[in-house]
Amino acid sequence: MRKKQDETFEWIVEPLLQWYEKQARNLPWREDSNPYRVWVSEIMLQQTRVEAVIPYFNRFMDNFPEIQALANAKEETVLKLWEGLGYYSRARNLKKAAEVICDKYDGVFPKEYKDVLALPGIGKYTAGAICSIAFGMPCAAVDGNVLRVITRLNEMNRDIRDEKFRKQIGEQLECVYPQNHCSEFTQSLMELGAVVCVPNGAPKCEICPLNKGCKACEHDTWGKYPVKNEKIQRKNIHKTVLILYYKEKIAVQKRPETGLLAGMWELPNVDRKMSEPEIKKWLQEQNIDVISIERQKQVKHIFTHLEWTMYCYQVDCKPKENVFEWVSTEALEREIPLPTAFRKCL
């Protein structure tokens, strides 16, 4: 049974659908409403720009054209294809969810919202996006783009990080979802926030289909919305990163199975800024003789709550025992999934 329509948002439906029909970008995951393609694209698009995602999405689909192929793939193959997108737990959860779908649903993507939400790595936003775009269900997908559009329309002063507020917006939107056009409505809201009511810089109010009813446009208050409480300051960690060479091979090691970049490969490193004598002493403790050492560039890499300042050194050496894994540059390029932070050092 459909919910009673909410007059606050009912007026936006028709203008948005008409605008989207004419202005929607041609994106590879919009070629059809296959839930697998919608799912992978939505996971990739989290924290990542559309332009950056397109080549990753196409490569991913070439390698894993269906859920079964992803479920059967080696984790390192999946991570290698993900290399550069960051937030690697997303890739691991994609594979885990594919395995669940194959085991529990015979490889067919589930169509019930509660079943979609229960899959590894899928939250309310992604479940709403999949169910509305792929299955035509009146399920709101409330992300940053949608919140920016909605809060500007009505000059809403609530903090968009407030889960209760996000839920309220979702419920109000679901009241006005148009029958037989749920997919287009969800995507039209996303699209408007991505290309018109943009996250960085002034919105393009002159071409917005909702400008006549938008309070922020009328009062020129768009800069005040959406409201966000101040972020917690990022913690800065200084690291000494070592590019160790032995017989034309480079040393790598696995990170712990929990925490940041869990289970990924990395270059040997120490969580502090070290001098050359300190590096030589540390390597001796690892049973590695230093032949030569040369300071390389200083690199910064930003995570959500952390910032790494990395001091890189190239070291020609001779190990007395195999503390690390030694791999060729070719293997490092083609097979070993190395996080962007460490690839910067190379």
Side-chain angles (χ1 to χ4, degrees), residues 28 40-41 43-65 69-95 98 239-257 259-270 279 283 286 288 290-303 308-319 322-346:
V40 172
S41 69
I43 298 299
M44 286 188 170
L45 286 164
Q46 293 170 12
Q47 309 285 341
T48 313
R49 294 177 299 106
V50 166
E51 296 76 13
V53 164
I54 290 173
Y56 281 94
F57 178 83
N58 289 333
R59 278 197 301 271
F60 205 85
M61 287 298 141
D62 288 342
N63 282 270
F64 313 123
L70 177 57
N72 293 338
K74 292 181 179 179
E75 183 179 278
E76 288 218 343
T77 303
V78 177
L79 293 175
K80 185 63 182 175
L81 285 168
W82 201 269
E83 187 181 274
L85 275 176
Y87 302 93
Y88 289 89
S89 60
R90 295 182 296 169
R92 288 194 174 91
N93 282 328
L94 271 173
K95 177 169 165 53
K239 299 179 80 70
T240 299
V241 179
L242 304 177
I243 307 164
L244 304 179
Y245 282 94
Y246 172 62
K247 291 186 176 180
E248 298 183 352
K249 291 189 176 183
I250 298 173
V252 293
Q253 63 184 5
K254 276 283 189 87
R255 289 180 64 83
E257 291 301 321
L260 184 67
L261 302 176
M264 297 292 293
W265 291 96
E266 65 177 357
L267 299 173
N269 62 91
V270 179
I279 292 170
L283 286 170
Q286 315 307 313
I288 293 175
V290 174
I291 297 171
S292 67
I293 184 169
E294 183 179 344
R295 173 75 182 269
Q296 303 292 306
K297 58 188 175 182
Q298 179 178 320
V299 174
K300 283 189 180 291
H301 189 78
I302 296 174
F303 299 93
W308 282 359
T309 300
M310 296 176 284
Y311 307 92
C312 308
Y313 289 82
Q314 179 175 313
V315 182
D316 289 320
C317 62
K318 183 177 181 181
N322 290 328
V323 178
F324 305 112
E325 295 284 333
W326 298 86
V327 299
S328 66
T329 53
E330 182 179 352
L332 200 57
E333 184 64 33
R334 296 185 179 182
E335 301 168 19
I336 304 294
L338 195 69
T340 302
F342 294 103
R343 201 160 283 285
K344 283 180 180 180
C345 297
L346 294 172

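For reference, positions follow the sequence shown, starting with 1. Computed from a prediction, not measured in an experiment: that's the story for all the values here.
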Worksheet item: Hey, what do you get for OG1 (Thr329) to NZ (Lys249), rounding to the nearest 0.5 Å?
Response: 10.5 Å
Worksheet item: Which pairs, with at least one residue in residues 53-62 and sequence neighbours excluded, count as a salt bridge (Lys or Arg N to Asp or Glu O under 4.0 Å)?
Response: none
Item to complete: Quick one: pull up CD1 in Ile43 and CZ in Phe60 and give me the separation to the nearest 0.5 Å.
Response: 10.0 Å
Worksheet item: If every non-hydrogen atom of Phe342 is compared with every non-hydrogen atom of Val241, which pair is closest and at what distance?
Response: CD2-CG1, 4.2 Å
Worksheet item: Around atom CD of Glu325, are there more than 12 heavy atoms of other residues, nucleotides or ligands at under 6.0 Å?
Response: no
Worksheet item: Can you list every pair that meets salt bridge (Lys or Arg N to Asp or Glu O under 4.0 Å) and has a residue in residues 291-303, with sequence neighbours left out?
Response: Lys300-Glu307
Practice prompt. Taking all non-hydrogen atoms of both residues into account, name the closest pair between Cys317 and Tyr246 and its distance.
Written response: O-CD1, 3.2 Å
Worksheet item: For Cys312 and Cys345, which heavy atoms make the closest approach, and how far apart are they?
Response: SG-SG, 3.2 Å
Worksheet item: If you round to the nearest 0.5 Å, how far is OH of Tyr56 from CE of Met44?
Response: 9.0 Å
Fill in: Minimum heavy-atom distance between Pro28 and Asn58, given as atom pair plus value
CB-OD1, 3.5 Å
Item to complete: Could you give me the CA-CA distance, side-chain angles and deciding distance for Leu85 and Tyr87, then say whether side-chain contact (heavy atoms from CB on, under 4.5 Å) is met?
Response: CA-CA 7 Å; Leu85 275 176; Tyr87 302 93; over 6 Å; no
Worksheet item: Rounded to the nearest 0.5 Å, how far does OG of Ser328 lie from CZ of Arg334?
Response: 9.5 Å
Fill in: Test: Arg92 and Glu75 ion pair at under 4.0 Å
yes
Practice prompt. Compare all side-chain heavy atoms of Thr48 with those of Arg90 and state whether any distance is below 4.5 angstrom.
Written response: yes
Discussion item. When you compare the side chain of Thr77 with that of Phe64, does any pair of heavy atoms fall below 4.5 Å?
Written reply: yes
Item to complete: Would you give the length of the straight line joining atom CG of Asn322 to atom CD1 of Ile288, rounded to the nearest 0.5 angstrom?
Response: 9.0 Å
Discussion item. I'd like to check Leu283 versus Ile293 (side-chain heavy atoms, cut-off strictly below 4.5 Å). Are they in contact?
Written reply: no
Response to the item:
Closest heavy-atom pair, Leu267 versus Val252, reported as atoms and distance to 0.1 Å, is CD2-CG1, 4.3 Å
Worksheet item: Is a donor on one side and an acceptor on the other found under 3.5 Å between the side chain of Lys239 and the backbone of Trp308?
Response: no
Worksheet item: Taking the side chain as C-beta and beyond, is there a heavy-atom pair between Tyr245 and Ile243 under 4.5 Å?
Response: yes
Discussion item. Counting neighbours of CD on Glu51 that are heavy atoms of other residues, nucleotides or ligands and sit closer than 6.0 Å, is the number greater than 12?
Written reply: yes
Worksheet item: Hey, are the side chains of Pro339 and Glu266 touching, using non-hydrogen atoms and a 4.5 Å cut-off?
Response: no
Worksheet item: Is there a donor-acceptor pair closer than 3.5 Å between any side-chain N or O of Arg343 and the backbone N or O of Glu83?
Response: no
Discussion item. Among residues at least two apart in sequence or on other chains, which ones pass ring-ring contact (aromatic ring centres under 6.0 Å, His included) with Trp265?
Written reply: none
Discussion item. Tell me the closest heavy-atom pair linking His301 and Met310, and the distance in Å.
Written reply: CB-CE, 3.9 Å
Worksheet item: Looking at side-chain heavy atoms only, is the closest gap between Pro319 and Trp326 below 4.5 Å?
Response: yes
Worksheet item: At what distance, to the nearest 0.5 angstrom, does CG of Leu79 lie from NZ of Lys74?
Response: 13.0 Å
